[in-house]
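Down below is the structure, laid out as structure tokens.
Numbering starts at 1 and runs along the sequence shown. All of these numbers come straight from a predicted model, not from anything done at the bench.
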Amino acid sequence: MKNLLTIVMYHYVRDLQHSRYPKIKGLATKDFKQQIRYIKKHYNVISGEKLMDVIVEGDELPPHPAILTFDDGYIDHFTQVFPILDSENLRGCFFPSDKCIIEHQVLDVNKVHFILASVPEKQKIVDYIVKCVDENKSHYGLLPASTYIENVAKSNRLDTAQVVFCKSMLQRELPIELRQIIIDELFRKYVTGDEASFSYELYMSAEQIQMLQRHGMYVGSHGYEHFWMNAISSERQEKEIDRSLLFLESIGADVSRWIMSYPYGAYNESLLSILKSRNCIVGMTIEVNLASLDDNDVLTLPRLDTIDLPKDVNAEDNKWTIKAKA
């Protein structure tokens, strides 16, 4: 692999121990600060604009290049991430989902996160989903609940089988109408009935995003509603991308060339065709690997997760750092 690039993906970054939701799956601010210093020590962090210059203009990458990416538009990125990046003179790439900022609604993906963070006994959520599947089986033409459990309840490197089942059922497996009913009921029961206020607390405002841009941060697209983009029609894909580009234009971002971070890492050939027609230069997935600008399609670049790099400035090079320096 040549022209290797390390792309690191972040979501929640907060003072977890002192937050209202200490069980949310995120990165503690103190660990983020240490990891950023580790990255600064071993890599040359480049901006989103620099990456596009490399691809479009043929600019050269510096030795051991890295890009820092922040998905979903959380307020954490303004209050926790931005001051640290600014103090270290580093540039990050931020990918908000626009609906939550424009309409002040909580994305379904985030509702699921906070439901799970609020209920220690995950089996309660599993049992409720199973109950809803049994009650609505004939109406929606659903499979038996036991089949869903067998098919999707499989642990991965980030989540237990129970959590994977809940996320899969409420983010993709069930019909959108039914899963939204279930999500909203669980969110009201375990989190809050005041969705708008929660949204204001969870996400950045357009003005805060514009401030990031003024300080040299890149802002790109993460879709409008945070759909699994490979699970919707090409017409819906076009609508998602066009609405997102309208938002980026409204905050002064350059849409003559831009970067897409795929929600859930999901894409298909239809989406790639739409992105090419709208001047998208880079697409980022959640496949775990280093990116090669020579060997990878630049619209499907892999990324590392924060768990893949040390959170100690003095840590020894780990396998990904060694590979990046090879």
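Taking the six-membered ring for Trp and the full ring otherwise, the centers of Tyr74 and His11 sit at least 6.0 Å from each other. Less than 6.0 angstrom separates the ring centroid of His113 from the ring centroid of Tyr12.
Here the side chain of Ser277 pairs a donor or acceptor atom with the backbone of Ile274 at under 3.5 angstrom. Put simply, the side chain of Ser244 never gets that close to the backbone of Glu240: no donor and acceptor are under 3.5 Å apart.
Between Lys319 and Asp308, no side-chain nitrogen of the basic residue sits less than 4.0 Å from a carboxylate oxygen of the acidic one, so the salt-bridge criterion is not met. Under the 4.0 Å criterion applied to side-chain N and carboxylate O atoms, Arg157 and Asp305 are not assigned as salt-bridge partners. Between Asp71 and Arg303 a salt bridge is recorded (basic side-chain N to carboxylate O distance below 4.0 Å). A salt bridge links Arg278 and Glu238; the closest N-O separation between the charged side-chain nitrogens and carboxylate oxygens is under 4.0 Å. In this structure, Glu135 pairs ionically with Lys131, as a charged nitrogen and a carboxylate oxygen lie closer than 4.0 Å. Between Glu225 and Lys239, none of the side-chain N atoms (NZ, or NE/NH1/NH2) sits under 4.0 Å from a carboxylate O, so this pair counts as no salt bridge. Ion pairing of Asp108 with Arg172 is absent here, as no side-chain N (NZ or NE/NH1/NH2) approaches a carboxylate O to less than 4.0 Å. Of the charged side-chain nitrogens involved, at least one lies within less than 4.0 Å of a carboxylate oxygen, so that Arg243 and Glu103 count as a salt-bridged pair.
Ile259 CD1 to Leu248 CG: the interatomic distance, rounded to the nearest 0.5 Å, is 11.0 Å. To the nearest 0.5 Å, the span separating CD1 on Ile176 from CG on Leu170 amounts to 12.5 Å. Distance check, rounded to the nearest 0.5 Å: CE of Met52 to CD1 of Ile46 gives 10.5 Å. For the atom pair CG (Leu90) and CD1 (Ile39), the distance works out to 8.5 Å, reported to the nearest 0.5 Å. Between the CD1 atom in Ile101 and the OG atom in Ser199 there is a gap of 8.5 Å [rounded to 0.5 Å]. The CZ atom of Phe94 lies 9.5 Å from the OG1 atom of Thr69; values are rounded to the nearest 0.5 Å.
Taking both residues in full, the closest heavy atoms of Lys323 and Leu4 are given as O-CD1, 3.7 Å, listed atom of the first, atom of the second, then distance. Smallest separation of non-hydrogen atoms from Val164 and Ser155: CG2-CA, 4.3 Å. His226 approaches His222 most closely through the heavy-atom pair NE2-NE2, 3.3 Å. Here the shortest heavy-atom pairing between Asp317 and Tyr38 reads CA-OH, 3.4 Å.
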Audit row: Val133, Met169, side chain to side chain contact (heavy atoms under 4.5 Å, CB included) steps and yes/no: CA-CA 10 Å; Val133 168; Met169 297 297 285; 3.9 Å; yes

Pair Gln162-Gln123, side chain to side chain donor-acceptor pair (under 3.5 Å): steps then yes or no: CA-CA 7 Å; Gln162 287 178 318; Gln123 190 61 41; 2.6 Å; yes

Stepwise side chain to side chain contact (heavy atoms under 4.5 Å, CB included) test for Tyr203 and Asn110: CA-CA 10 Å; Tyr203 305 111; Asn110 296 137; 2.6 Å; yes

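Between the side chains of Gln237 and Asn268, at least one donor-acceptor pair of N or O atoms lies under 3.5 Å. Side-chain contact, Ser256 with Asn279: no donor N or O sits under 3.5 Å from an acceptor N or O. Looking only at atom types and distance, the side chain of Thr321 has a donor-acceptor partner in the side chain of Tyr43 under 3.5 Å away. Side-chain contact, Tyr10 with Asp76: no donor N or O sits under 3.5 Å from an acceptor N or O.
Here the rule is side chain to side chain contact (heavy atoms under 4.5 Å, CB included) with Tyr262, and of Asn230, Thr285, Ile286 only Thr285 fits it. Shown are Lys40, Lys41, Lys33; of these, the salt bridge (charged side-chain N to carboxylate O under 4.0 Å, His left out) with Glu88 is made only by Lys40.
For the pair Val191/Tyr21, a side-chain contact is recorded, criterion being any heavy-atom separation below 4.5 Å from C-beta on. In this structure, Asp242 and Leu246 have side chains that are not in contact, with every pair of non-hydrogen atoms separated by 4.5 Å or more.
Within 6.0 Å of NZ in Lys167 there are more than 12 heavy atoms belonging to other residues, nucleotides or ligands.
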